[in-house]
Amino acid sequence: MENLTNTLFSSFEADEVTFFADLILPIPVPRLFTYRVPREMAEVLKIGARVIVPFGKNNGRVFTAVVARLHNSPPTNYQARYITEVLDEYPLVTGYQLELFRWMAEYYMCCVGEVMNIALPSGLKISSQSKVQINPDFDYPELLTEFEDTLLTELKKQQALSYDELVRLAGAGTNIPALIKSLVGKKAIIVFEEVREKYIPKMVRKVRLNRTYEEKEQLLALLNRLEKLPKQQEVVMRYLSHVPVQMNASLNQKGLDKTILNQDDTVSQSSLTTLIKNAVFETFELIQPRFSDNAPPQAEIKLTDAQREASQQIMAQFERQNIVLLHGITGSGKTEVYIDLIQQAVGSGSQVLYLLPEIALTTQIVVRLQRVFGDKMGIYHSKFSDNERVEVWKGVVSGQYQFVVGVRSAVFLPFDNLGLIIVDEEHETSYKQHDPAPRYHARDVAIMLAHWQQAKVLLGSATPSLETYHQAKQGRYGLVELFRRFGDATLPNILLIDTKVEKRQKTMKNEFSSALLTALEANMERREQSILFQNRRGYSPYMQCEDCDWTAECPNCAVSLTYHQRAAELRCHYCGHKEEVPRICPVCGSTKVRTIGFGTEKLEDQLQIIFPKSKVLRMDLDTTRAKNAYQQIIQEFEGGEIDILVGTQMITKGLDFDNVSLVGIFDADRLIHFPDFRATERSFQMLTQVSGRAGRRAGRQGTVLIQTNNPQQTILQKIIENDYKGLFDEEIQERQNFNYPPFSRLIKLTVRHADKAVSQQAADRLAAELTDALGSSRILGPEQPLVERIRNLFLFDILIKIERDKVNVKAVKSYIQDRINDILTDKGLRQVSIVIDVDCL
DNA sequence: AGCACGCCGACT
DNA sequence: GTCGGCGTGCTC
């Protein structure tokens, strides 16, 4: 019957009428799904539009999907289901993006659905896992239908409703997707995905007058009534002075920050409580906007001669090259060069994307850019709520945002007319997505994007990745250098402290060399600030029994537990497991359970003991977890009251502090000797970047002290001399000898299973098959990674090295995929999971 | 991924 | 005798 109607329709309608849509669903299944297009949708439905579809056994689930293809050939071996709802009249996903999705899925060996899922902010994906919440800014109830209004009143009482709860509330038979679409369209509600452990938008508690007092007479009556209650009257008056409801009643809905009304006296607090109890005031919560707009607009930026020259050189090189590397030492003022180029590109009418590593974006740079570009600039940050991300997305489509500053995921925004992409701190590893697929590198994706849209790419760094610098030296990228510090500030003087000598002479105080202590003290006396870098958080990485050598280990992972003193617990930095600190050794009962090694927390602690009067702040994952903690720490440090900032690599990223003249670096050896072929490169980058925090102001030379057991190491010499090129020349030779990137591409396969033997068996077989086809020189492993078990899964890594030229990468990838699929369908091995990481770092 | 179906152990 | 463990297969 179904087939009969199909053929009937086909013969009745013109050829271009579409009945079927191939959709991208946000699930990790490597294929598109074909749905039927209801007749009334046939004309409106466009490629790139979002639709809502039922999915799974007895339509149990609902997804937002994206139309990838429209056609009229019915599937032969199943009945296609109908699309429930069309969400977009015009494509929300551009053709460029669909192309990008497909390319990424192929290149990074994942499913298009996974790419789409990461690309779209969850606010654009209604699904059965969605939740809805009332939009606190909504104040146009007159737009609502009666039914919607009752529903919204109900919703107001709840914090948020899940999709299923909404179904129950609205009653069976309601077209829930259509309802949500309508309410979202009226900006009455907000859709979001279940927030995992992610960002929770900062809420401000606000108060406003009960609606009845928006009328003048009612308000006057209220004030009269309160005549005998002066305290309460005062509160109301205070509210009215901030929110002149009597002048403009509509102001009331926006309310007033509760803290402003409380000020600091407890009297008004209790009066306010009473007023709220008596329904004079009502409280509500609002999402706090993250960047307030009070920066003075359009501060003229002035380029130094060196900056102007760099900018001109870049423009000149863009004539012949699509990609240019700006190699500028720390503090050379690359940002001004970027601003200049952005202004030119925006002025010529094209779009600009400015990528920054996650943490750097939170800082002063955004404020600086905002001063120049004002509200023409969109900000795309993972710490922003979904609605804000959706706003930016739509702003790009509408043309409101011609220029966006953003993190990694900003490459997914719907640009269609890019002229310039800047990738700042190009070497930063946080551009590579690690955990959920697609495991993409935003820099490389940006280069593809630019290629498709004929845009130029500017890669900027003080310590370029070997890959990029190699390309520049080969002439495939342009190269512009900026080797003078802004305002002619000098580069810091870097000194190596031999901790071996100090230990022998017993001049170390805990982890601190006497040289460092003297420098810190002198710095404090001069009222200048210091930064201490230790790339390890927590108090100490081991807890061990002195008598029997027992160490605290994670029950789920093959690592020792880190002792956190402030939280008074042991934590696993891999799976998050926490446990109590043992008083006695659980094996032998000894009380001599000691901590070994040190992290930022311990340094902070010891500083307080050594310099009791000093003000010390710590900045690491643990102190910046809270919403605005990062900015708070920076602000406090900038305020100048703080003497010493102790931190992990977090402090290396793009922070500008005028008053910092000393940087101390601990445990450099651990960094340098990390068992990874990129360790040297990483160490150079990290240590150079931290060093760059010292003495960024003209007229004073900063000092950097690096504590090491072996000052003779060549890498340290290179860092002292700021000899990037020397390091590059040595390192690139090594890479060539062992056929590592940039001479090859790497694909890492990680096999995981709860049973070590099964995991190993699968890995062995996979490696053997790959070796057979590709030769043993291209396959490394399988070997157990440094941490061989995480979350109770045993890991085995296989590394595949593919030469840049003379090998068909596509063919290799498809071969790898086939072998993996074989294993995954093998009776004995099918429950192993295999993670593919293309261009792994 | 998630969800249903299905085949084996410890419980009322 | 059943409840529920998770291994297996499928999703338009």
Side-chain angles (χ1 to χ4, degrees), chain A residues 2-3 5-6 18-38 41-42 45 47 49-86 101 104-105 108-120 122 125-131 162-164 167 177 193-198 433-439 750 752-755 757-759 761-762 791-793 817 820-836:
Chain A
E2 199 70 33
N3 278 332
T5 34
N6 272 342
T18 54
F19 294 103
F20 296 96
D22 291 351
L23 307 180
I24 304 173
L25 264 69
I27 50 172
V29 176
R31 82 185 95 125
L32 299 176
F33 291 86
T34 305
Y35 280 79
R36 299 199 69 187
V37 181
M41 290 181 198
L45 195 58
I47 290 176
R50 291 171 306 149
V51 295
I52 293 203
V53 291
F55 186 78
K57 292 263 152 63
N58 42 353
N59 294 346
R61 293 197 283 165
V62 170
F63 280 119
T64 298
V66 171
V67 180
R69 205 168 77 89
L70 291 166
H71 58 92
N72 45 25
S73 42
T76 48
N77 47 350
Y78 58 89
Q79 275 303 327
R81 278 185 217 163
Y82 277 105
I83 289 171
T84 317
E85 187 70 30
V86 180
F101 291 0
M104 280 182 73
Y108 289 108
M109 302 180 72
C110 64
C111 308
V112 225
E114 292 175 302
V115 180
M116 186 268 256
N117 199 26
I118 288 289
L120 299 196
S122 35
K125 290 176 296 185
I126 301 168
S127 77
S128 33
Q129 281 111 63
S130 297
K131 294 200 165 208
S162 71
Y163 191 90
D164 294 334
V167 172
E193 291 296 283
E194 187 66 89
V195 198
R196 280 153 217 161
E197 48 152 331
K198 267 202 192 152
Q433 165 135 332
H434 250 305
D435 203 13
R439 300 182 168 75
T750 304
R752 309 184 301 177
H753 192 271
D755 184 332
V758 177
S759 190
Q761 195 193 339
R791 293 172 201 274
N792 282 322
L793 296 175
Q817 190 67 63
I820 289 175
N821 291 346
D822 285 354
I823 287 179
L824 265 27
T825 47
D826 184 297
K827 251 294 178 233
L829 302 173
R830 72 174 81 221
Q831 325 85 307
V832 301
S833 68
I834 299 175
V835 174
I836 312 174

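Chain letters run A, B, ... following the sequence lines, proteins first, then strands; residues in each count from 1.
Think of the region where chain A sits on DNA chain C: with heavy atoms and a 4.0 Å cut, that region ends 5' and 3' at C:dT8 to C:dC12. Once you apply a 4.0 Å limit to the heavy atoms of chain A, the touched nucleotides of DNA chain B run 5' to 3' over B:dA1 to B:dC3.
Base contact: A:Phe55 has a heavy atom under 4.0 Å from a base atom.
Side-chain N/O atoms of A:Arg50 and A:Thr64 include no donor and acceptor closer than 3.5 Å.
Checked against side-chain contact (heavy atoms from CB on, under 4.5 Å), A:Val758 has the following partners two or more places apart in sequence or in another chain: A:His753, A:Asp755, A:Leu829, A:Val832. A:Thr84 meets the side-chain contact (heavy atoms from CB on, under 4.5 Å) test with A:Ile52, A:Pro54, A:Asn175, A:Pro177; sequence neighbours excluded. Partners of A:Arg81 according to the side-chain hydrogen bond (donor to acceptor under 3.5 Å, both in side chains) rule, which considers only residues two or more places apart in sequence or in another chain, are A:Asn59. Applying the side-chain contact (heavy atoms from CB on, under 4.5 Å) criterion to A:Asn821, with sequence neighbours excluded, gives A:Gln817. With sequence neighbours left out, the ring-ring contact (aromatic ring centres under 6.0 Å, His included) criterion links A:Phe63 to A:Phe55. Scanning for side-chain contact (heavy atoms from CB on, under 4.5 Å) contacts around A:Ser162 gives A:Lys131, A:Asp164, A:Glu165, with sequence neighbours left out. By the salt bridge (charged side-chain N to carboxylate O under 4.0 Å, His left out) test, A:Arg439 is found to be paired with A:Asp435, residues two or more places apart in sequence or in another chain being considered.
Residue order along DNA chain B, read from the 5' end via each residue's closest nucleotide, puts A:Glu114 first among A:Lys57 and A:Glu114.
Less than 4.0 Å separates DNA chain C from at least one heavy atom of each of the following residues of residues 22-33 of chain A: A:Val29, A:Arg31, A:Phe33.
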Residues 19-33 of chain A side chain polar contacts: donor-acceptor under 3.5 Å, at least two apart:
residue, atom, partner, partner atom, Å
A:Asp22, OD1, A:Thr34, OG1, 2.9
A:Asp22, OD1, A:His71, NE2, 2.8
A:Asp22, OD2, A:Arg69, NE, 2.9
A:Asp22, OD2, A:Arg69, NH2, 3.2
A:Asp22, OD2, A:His71, NE2, 3.4

Could you tabulate the donor-acceptor pairs under 3.5 Å formed by side-chain atoms of residues 108-119 of chain A, not counting sequence neighbours?
residue, atom, partner, partner atom, Å
A:Tyr108, OH, A:His441, N, 3.1
A:Glu114, OE1, A:Cys111, N, 2.9
A:Asn117, OD1, A:Lys125, NZ, 2.7

